[in-house]
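The block underneath contains the structure these notes are about, expressed in structure tokens.
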Amino acid sequence: MPRLLEHERSEAVGILRAGSGVTDVARQFNFARSTVNRIRERYDVTGSIKYRPRPGQPKITTPRQDAILRRVHRRYRSRSATQSARQTIGIRG
């Protein structure tokens, strides 16, 4: 399921703070009530509507290196992505 946009979460919190109920907000935005409750609870605890950081392996390459790598990989389609990375920008893997 796609994530809600920041302005949608912000509007939902604003309407909740104005006194509307969770069910009314859920109907208005076509969200599940549990989603509205989660947004409200996150706002109450953290004071923010932003998503919390997710765990995951950090990026090794810069966006510029990614663009170069995509271009090279398209040119030499028979190479594996790992080979292209090693030969192009010195990534070890």
Point to revise | By side chain to side chain donor-acceptor pair (under 3.5 Å) - contacts of R71 (at least two apart) | key: none

Exercise for review: Keeping to residues at least two apart or across chains, list the salt bridge (charged side-chain N to carboxylate O under 4.0 Å, His left out) pairs with something in residues 27-51.
Suggested key: E6-K50

Check your understanding: Going through the distances and angles, do R64 and I68 end up as a side-chain contact (heavy atoms from CB on, under 4.5 Å)?
Key -> CA-CA 6 Å; R64 183 169 185 256; I68 292 168; 4.3 Å; yes

Roughly how far, to the nearest 0.5 Å, is [atom2] of [Y] from [atom1] of [X]?
X   : Y   : atom1 : atom2 : result
I49 : E11 : CD1   : CD    : 9.5 Å
R74 : L69 : CZ    : CG    : 10.0 Å
I15 : F29 : CD1   : CZ    : 4.0 Å
I39 : L4  : CD1   : CG    : 5.0 Å
S78 : H73 : OG    : NE2   : 9.0 Å

Check your understanding: Hey, mind stepping through F31 and E8 against side-chain contact (heavy atoms from CB on, under 4.5 Å) and telling me if it holds?
Key -> CA-CA 10 Å; F31 299 163; E8 292 174 324; 4.1 Å; yes

Review point. Do you know which two heavy atoms are closest between V25 and S20, and how far apart they sit?
Key: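 For V25 versus S20, the nearest heavy atoms are CG2-CB, 4.2 Å.
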
Practice item. For Y43, enumerate each residue passing the ring pair (Phe, Tyr, Trp, His ring centres under 6.0 Å) test, keeping only those at least two apart in sequence or located in another chain. Key: none

